[in-house]
Undergrad: 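Provided herewith is a single structure, encoded as structure tokens, for subsequent inquiry.
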Number of protein chains: 2
Amino acid sequence: MRHRSVTYSTARHSEATFQALADPTRRAVLDLLRRGAQPAGQIASAFPVSRPAISKHLRLLRRAHLVREHREGRHRVYQLNPEPLRAVDSWIEQYRQFWTASLNNLKSFVEAEYAREQEADSRKHK
Amino acid sequence: MRHRSVTYSTARHSEATFQALADPTRRAVLDLLRRGAQPAGQIASAFPVSRPAISKHLRLLRRAHLVREHREGRHRVYQLNPEPLRAVDSWIEQYRQFWTASLNNLKSFVEAEYAREQEADSRKHK
DNA sequence: AACTCCTGTAACGATATGGTTACGCATTAT
DNA sequence: ATAATGCGTAACCATATCGTTACAGGAGTT
């Protein structure tokens with residue numbers, strides 16, 4: 001029988017953002033845009049893939065709201081929008097406490113937790 | 001002519017980690033393990049997919065070093081290892097300044113940056 | 001008006017991803 | 001010894017992903 005874990009819903013948040021960050025080229029595009037807004041072609045020239053490939057990455061980043069685009073003459077200037085990264089940041093935040101604790105402490109804590117749960121479970125088995 | 005952007009190399013770091021986090025089920029598994037170590041079957045029972053599917057997710061998480069596994073009787077207990085998340089955190093860190101600044105300030109900053117670059121570039125065009 | 005520049009989209013192909021069922025192998029229970 | 005439990009892997013399938021080349025269309029240039 002399945003539980004449909006409660007934790008699932010929290011992980012569903014910011015799906016598009018995590019998805020967008022999965023690709024190294026897209027992360028590099030964001031890194032590039034930190035230095036300032038640029039037109040699409042100039043962005044593409046910084047990478048070893050074709051311009052249409054970058055165009056598709058930009059579309060994905062646009063749909064994840066990680067970049068904003070506006071026309072300027074015949075250029076399309078792309079600008080970083082870091083807002084969605086806040087969600088990623090707050091997800092990570094929940095893990096920060098784990099690496100501030102020493103690994104030894106973590107290990108014993110986790111093992112104790114499991115031992116406790118196992119004991120609570122032991123009634124269901126024989 | 002291609003530049004092979006310098007920023008690329010920084011984005012290549014922690015490739016496996018970003019990859020692992022791209023899937024909502026895997027993020028939910030990590031969220032679940034924050035509450036304590038658990039055997040594989042118990043993890044699987046929290047999700048609406050088959051046990052082998054979870055087994056494959058766990059393998060990927062193992063290879064990304066986001067979880068550790070050890071045998072305990074006939075169970076295989078999985079334990080969170082948040083260490084690789086530090087790399088993600090420090091990547092995000094570089095963006096934190098952008099959302100602490102007001103969006104208006106950011107906008108003008110970025111636009112000024114682009115204007116400056118465009119001017120520097122204008123000698124190459126006609 | 002004709003031409004060039006900049007960029008998005010379409011169509012296609014190779015590979016990756018995420019799911020399923022069937023199976024094998026240890027470990028514990030009977 | 002035999003059966004049952006727990007879990008990883010293999011084989012397979014559908015769809016997604018990321019790249020390419022060819023093409024189209026709007027904005028400046030001549």
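In the text below, chain A, chain B and the rest are named by the order of the sequence lines, each starting its count at 1.
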Undergrad: Verify the distance criterion only: is there a donor paired with an acceptor across the side chains of B/D31 and A/W91 at less than 3.5 Å?
TA: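 Result is yes, a qualifying pair exists.
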Undergrad: Where each residue is assigned the nucleotide of DNA chain C containing its nearest heavy atom, which of A/E69 and B/L60 is assigned the position nearer the 5′ end?
TA: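 Residue closer to the 5' terminus by nearest nucleotide: A/E69.
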Undergrad: Distance check needed: C/dT20 P versus B/F47 CZ, whole Å only.
TA: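 Atom CZ in B/F47 sits about 13 Å away from atom P in C/dT20.
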Undergrad: How long is the line joining CG of A/L58 and C1' of C/dC6, in whole Å?
TA: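 Going from CG in A/L58 over to C1' in C/dC6 covers 13 Å.
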Undergrad: With a 4.0 Å limit, can you tell me whether B/S50 has a side-chain N or O closer than that to the phosphate oxygens OP1/OP2 of C/dG19?
TA: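 Answer is no, no contact under 4.0 Å.
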Undergrad: To the nearest Å, how far apart are A/R71 CZ and C/dC6 C1'?
TA: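 About 12 Å, once rounded to whole Å.
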Undergrad: Using atom types as modelled, flag every donor-acceptor pair under 3.5 Å from a side chain in residues 62-69 of chain A to any protein atom, sequence neighbours excluded.
TA:
residue: A/R62; atom: NE; partner: A/Y78; partner atom: OH; Å: 3.4
residue: A/R62; atom: NH2; partner: A/Y78; partner atom: OH; Å: 3.2
residue: A/E69; atom: OE2; partner: A/R76; partner atom: NH1; Å: 3.4

Undergrad: Cation over ring, B/R34 on A/F98, under 6.0 Å and within 45°?
TA: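 No, B/R34 does not sit over the ring of A/F98.
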Undergrad: Return the OG1 to CG distance between B/T25 and B/L61, rounded to the nearest 0.5 Å.
TA: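 Interatomic distance, B/T25 OG1 to B/L61 CG, rounded to 0.5 Å: 10.5 Å.
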Undergrad: Within less than 4.0 Å of OP1 or OP2 of D/dG6, is there a side-chain N or O belonging to B/Y78?
TA: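 No, because none of the side-chain N or O atoms of B/Y78 sits under 4.0 Å from OP1 or OP2 of D/dG6.
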Undergrad: Separation of A/I43 atom CD1 from C/dC6 atom C1', in whole Å?
TA: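 Between C1' of C/dC6 and CD1 of A/I43: 13 Å.
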Undergrad: Using a cut-off of strictly less than 4.0 Å, decide whether A/R76 has a side-chain nitrogen or oxygen near OP1 or OP2 of C/dC6.
TA: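 So the side-chain polar atoms of A/R76 never come under 4.0 Å of the phosphate oxygens OP1 or OP2 of C/dC6.
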Undergrad: Nearest to the side chain of A/H75 - C/dT20, D/dC7, C/dC6?
TA: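 Minimum distance to the A/H75 side chain belongs to C/dC6.
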Undergrad: N/O contacts under 3.5 Å, protein versus nucleotides 15-17 of chain C?
TA:
residue: C/dT17; atom: OP1; partner: B/Q19; partner atom: NE2; Å: 2.6

Undergrad: Starting the side chain at C-beta, find the nucleotide from D/dT20, C/dT7, C/dT20 nearest to A/A53.
TA: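 Minimum distance to the A/A53 side chain belongs to D/dT20.
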Undergrad: For the side chain of A/K56 and the base of C/dG8, is some donor closer than 3.5 Å to an acceptor across the two?
TA: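 Answer no: no donor N or O sits under 3.5 Å from an acceptor.
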Undergrad: C/dT7 C1' sits how many Å from A/Q42 CD, rounded?
TA: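 My rounded result for the distance is 14 Å.
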Undergrad: Map A/R74 and A/H57 onto DNA chain D by nearest heavy atom, then report which one ends up closer to the 5' terminus.
TA: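 Of the two residues, A/H57 wins.
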Undergrad: Expressed in angstrom and rounded to an integer, what is the separation of A/E15 atom CD from D/dT17 atom C1'?
TA: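 Rounded to the whole Å, the gap is 14 Å.
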Undergrad: Distance check needed: C/dT9 C1' versus A/R62 CZ, whole Å only.
TA: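 Taking CZ of A/R62 and C1' of C/dT9, I get 11 Å after rounding.
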Undergrad: Say you draw a straight line from CG of B/L30 to CG of B/L85; how long is it, rounded to the nearest 0.5 Å?
TA: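 One gets 7.0 Å once the value is rounded to the nearest 0.5 Å.
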Undergrad: Is it the case that one hydrophobic cluster holds both A/L80 and A/L60, taking links as side-chain heavy atoms less than 4.5 Å apart, direct or via other members?
TA: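 In one cluster with A/L80: A/L60, no.
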Undergrad: Of the candidate nucleotides D/dA10, C/dG19, D/dA27, which contains the atom at the shortest distance from the side chain of B/T25?
TA: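 Nearest nucleotide to the side chain: C/dG19.
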Undergrad: Between B/P52 and A/A22, just flag the one whose closest nucleotide in DNA chain D comes earlier from the 5' side.
TA: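 Of the two residues, B/P52 wins.
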Undergrad: Across the strands shown, which category fits A/R59 at heavy-atom distances under 4.0 angstrom: base, sugar-phosphate, nothing?
TA: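 The answer is sugar-phosphate, as A/R59 gets under 4.0 Å only of primed atoms, P, OP1 or OP2.
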Undergrad: To the nearest 0.5 Å, what is the distance between CZ on B/R26 and CG on B/L21?
TA: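 The distance works out to 8.5 Å.
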Undergrad: Measure the distance from CZ on A/R51 to P on D/dT21 and round it to the nearest whole Å.
TA: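 In whole Å, D/dT21 P lies 12 Å from A/R51 CZ.
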Undergrad: Regarding A/D89 and A/R96, does a basic nitrogen lie under 4.0 Å from an acidic carboxylate oxygen?
TA: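 Counted as a salt bridge, because a side-chain N and a carboxylate O are separated by less than 4.0 Å.
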